[in-house]
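Here the structure is laid out as structure tokens; the discussion comes afterwards.
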Amino acid sequence: MKKRKLGTSVIEIAPLAFGGNVFGWTADEPTSFQVLDAFVAAGFNFIDTADVYSKWAQGHQGGESESILGRWLKKSGKRHQVVIATKVGMEMGPDKKGLSKAYILRAVEDSLRRLQIDYIDLYQAHVDDPATPLEETLEAFANLITQGKIRAIGASNYSAERLTQALEISRKCGLPPYECLQPHYNLCERADYETKLEPVCLTHGLGVISYFSLAKGFLTGKYRAADDLSKSVRGQGVKAYLNERGFRILDALDQIAKEHRSTPARVALAWLIARPSVTAPIASATNLTQMTDLIEATKLELGPPAIERLNQESALT
């Protein structure tokens, strides 16, 4: 499988990333191991998680996803076949959040312990921390790179302005720059990325790994009416897409999927993969059937007419 370079780093990844937010939440440990094995066996190598996953679930405190991934890495022996990405910054507890140097140096040790690894390939600022100077955050990351505990850094949920400022500080101060951005981007969520963030990424050569690539499952076609929202624990998250524009997008996905003997999910992911600025969309699977959809999406090449149709139907009116 042809790999894509992540920003200006030496890291190369397959054109689809696996989202580890499901580990220990909607996918139990045996299922998580099963889909991870299938993912790597198919030639993919990028797994994205975060320290806070899945703190939102009842009875969870965060760290569940990293812990399951760590046990899989130890059991499978596949550490050197994969690129491990995790994040820091979201609230893990009253005194465990943000991007201060002291907290980053503390949090990375917790992540390394849960993941049962010696280094993290991509360590990402999960959300901007206005209370901490950008220089302080970048200096902390620089220290970790020097120590060999992380290989590269990325940003998630940053505004175009703050991302630009961070990149400029790295340049001026000789600090390692963010190599990639993890934005909320899919056929339903286009405006913010395409008008503000994408130009910054293209100008500075950043990699892009989009999250919620299937709009929390909406773009699979699973949710087409209010009654469908109870189909999964994530159902309420797609309520906002049940409108005229959302239905236009689903109609276009249905038509193109039929023409290509494919599925709406594969088409939606193929649209992202074809975007020149996108390195790899992130998507999750909680069973082998869903994993097949992810794998097949990377084999689907959409021609200009299909891409243009999707662009038109998903345009904001």
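Scope of the values below: all heavy atoms of this structure, side chains included, with no hydrogens, waters or symmetry mates. Quick caveat: nothing in here was measured; it's all calculated off a predicted structure.
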Exercise for the section: Report yes if the distance between the aromatic ring centroids of Tyr185 and Trp271 is under 6.0 Å, otherwise no. Expected result: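 When the ring centroids of Tyr185 and Trp271 are compared, they turn out to be within the sub-6.0 Å range.
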Problem - Close aromatic pair by centroid cut-off 6.0 Å: Phe18 and Phe23 - result: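 That pair passes the under 6.0 Å test.
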Please examine the side chains of [Y] and [X], heavy atoms only from C-beta on, and report whether any two atoms are closer than 4.5 Å.
{"X": "Glu189", "Y": "Glu194", "result": "no"}
{"X": "Val88", "Y": "Val108", "result": "no"}
{"X": "Leu214", "Y": "Leu269", "result": "yes"}
{"X": "Leu69", "Y": "Thr86", "result": "no"}
{"X": "Asp48", "Y": "Gln182", "result": "yes"}
{"X": "Pro281", "Y": "Leu16", "result": "yes"}
{"X": "Val82", "Y": "Phe46", "result": "no"}
{"X": "Ser210", "Y": "Leu272", "result": "yes"}

For [X] and [Y], does a side-chain donor sit closer than 3.5 Å to a side-chain acceptor?
{"X": "Thr292", "Y": "Glu296", "value": "no"}
{"X": "Gln312", "Y": "Glu308", "value": "yes"}
{"X": "Thr31", "Y": "Asp28", "value": "yes"}

Handout entry: Result of checking Arg245, Arg248, Arg190 against Glu313 for salt bridge (Lys or Arg N to Asp or Glu O under 4.0 Å)
Key =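 It is Arg248; the other options fail the test.
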Practice task
Could you name each residue pair satisfying salt bridge (charged side-chain N to carboxylate O under 4.0 Å, His left out) that touches residues 142-170, not counting sequence neighbours?
Solution key: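 Sorted result for residues 142-170: Glu109-Lys149, Asp121-Arg151, Asp128-Arg162, Glu168-Arg171.
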So, [X] side chain and [Y] main chain: donor-acceptor pair closer than 3.5 Å or not?
{"X": "Gln116", "Y": "Arg113", "value": "no"}
{"X": "Ser262", "Y": "Lys258", "value": "no"}
{"X": "Arg4", "Y": "Thr279", "value": "yes"}
{"X": "Ser65", "Y": "Gly20", "value": "yes"}

Problem - Set of residues satisfying ring-ring contact (aromatic ring centres under 6.0 Å, His included) with respect to His60, sequence neighbours excluded - result: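 Listed in chain order: nothing, the list is empty.
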So does [X] pair up with [Y], basic N to acidic O under 4.0 Å?
{"X": "Arg114", "Y": "Glu66", "answer": "yes"}
{"X": "Glu91", "Y": "Lys55", "answer": "no"}
{"X": "Asp95", "Y": "Arg106", "answer": "yes"}
{"X": "Arg309", "Y": "Asp251", "answer": "no"}

Problem - Residues that His126 engages under side-chain contact (heavy atoms from CB on, under 4.5 Å), provided they are two or more places apart - result: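 His126 satisfies side-chain contact (heavy atoms from CB on, under 4.5 Å) with Ala50, Val52, Tyr53, Lys87, Met90, Ser156, Asn157 only.
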Problem - side-chain contact (heavy atoms from CB on, under 4.5 Å) against Ala42, all qualifying residues, sequence neighbours excluded - result: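 For Ala42, the residues satisfying side-chain contact (heavy atoms from CB on, under 4.5 Å) (neighbours in sequence not counted) are Phe44, Ile295.
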Exercise for the section: Evaluate the criterion side chain to side chain contact (heavy atoms under 4.5 Å, CB included) for residue pair Val267 and Thr263; output intermediate values, then yes/no. Expected result: CA-CA 6 Å; Val267 174; Thr263 68; over 6 Å; no
Handout entry: Candidate list Asn186, Val238, Leu187, test side-chain contact (heavy atoms from CB on, under 4.5 Å), partner Phe218, passing option
Key =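 Going through Asn186, Val238, Leu187 one by one, the side-chain contact (heavy atoms from CB on, under 4.5 Å) with Phe218 is satisfied by Val238 alone.
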Practice task
Would you mind telling me which of Leu115, Val35, Ile47 makes a side-chain contact (heavy atoms from CB on, under 4.5 Å) with Trp72?
Solution key: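 Of the listed residues Leu115, Val35, Ile47, the side-chain contact (heavy atoms from CB on, under 4.5 Å) partner of Trp72 is Ile47.
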Nearest 0.5 Å, what's the [atom1]-[atom2] distance between [X] and [Y]?
{"X": "Lys216", "Y": "Cys188", "atom1": "NZ", "atom2": "SG", "value": "11.0 Å"}
{"X": "Ser111", "Y": "Ile117", "atom1": "OG", "atom2": "CD1", "value": "8.5 Å"}
{"X": "Ile273", "Y": "Leu300", "atom1": "CD1", "atom2": "CG", "value": "8.5 Å"}
{"X": "Glu198", "Y": "Asp192", "atom1": "CD", "atom2": "CG", "value": "11.5 Å"}
{"X": "Tyr123", "Y": "Asp51", "atom1": "OH", "atom2": "CG", "value": "6.0 Å"}
{"X": "Asn21", "Y": "Trp56", "atom1": "CG", "atom2": "CH2", "value": "5.5 Å"}

Problem - Common cluster, Leu202/Tyr193, ILVMFWY with side-chain heavy-atom separation under 4.5 Å - result: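 No.
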Identify the heavy atoms of [X] and [Y] that sit nearest to each other, and give their distance.
{"X": "Leu250", "Y": "Gly221", "answer": "CD2-CA, 4.2 Å"}
{"X": "Ser32", "Y": "Gly24", "answer": "OG-N, 4.1 Å"}
{"X": "Ala280", "Y": "Ala17", "answer": "CB-N, 4.1 Å"}
{"X": "Pro176", "Y": "Ala142", "answer": "CD-CB, 3.5 Å"}
{"X": "Ala285", "Y": "Leu294", "answer": "CB-CD1, 4.0 Å"}
{"X": "Asn287", "Y": "Gln290", "answer": "OD1-N, 2.8 Å"}

Practice task
Could you note down all residue pairs passing side chain to side chain donor-acceptor pair (under 3.5 Å) where residues 130-142 supplies at least one of them, sequence neighbours left out?
Solution key: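 Residue pairs passing side chain to side chain donor-acceptor pair (under 3.5 Å), neighbours aside: Asp129-Thr132.
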Practice task
Start with the C-alpha distance between Ile249 and Leu310, add both sets of side-chain angles, then the distance that settles side chain to side chain contact (heavy atoms under 4.5 Å, CB included), and finish with yes or no.
Solution key: CA-CA 7 Å; Ile249 294 172; Leu310 289 168; 5.6 Å; no
Handout entry: Stepwise ring pair (Phe, Tyr, Trp, His ring centres under 6.0 Å) check, Tyr178 with Tyr158
Key = CA-CA 11 Å; Tyr178 286 131; Tyr158 271 51; 5.6 Å; yes
Exercise for the section: Is it possible for you to check whether Arg79 lies under 6.0 Å from the centre of the six-membered ring of Tyr119, through NZ or CZ, and within 45° of that ring's axis? Expected result: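 Verdict for Tyr119: a cation-pi partner in Arg79.
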Problem - Heavy-atom neighbours of Asn243 CG exceed 12 at 6.0 Å - result: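 Enclosed: over 12 neighbouring heavy atoms sit under 6.0 Å from CG of Asn243.
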Problem - Partner set under salt bridge (Lys or Arg N to Asp or Glu O under 4.0 Å) for Glu179, not counting sequence neighbours - result: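 Glu179: no salt bridge (Lys or Arg N to Asp or Glu O under 4.0 Å) contacts found.
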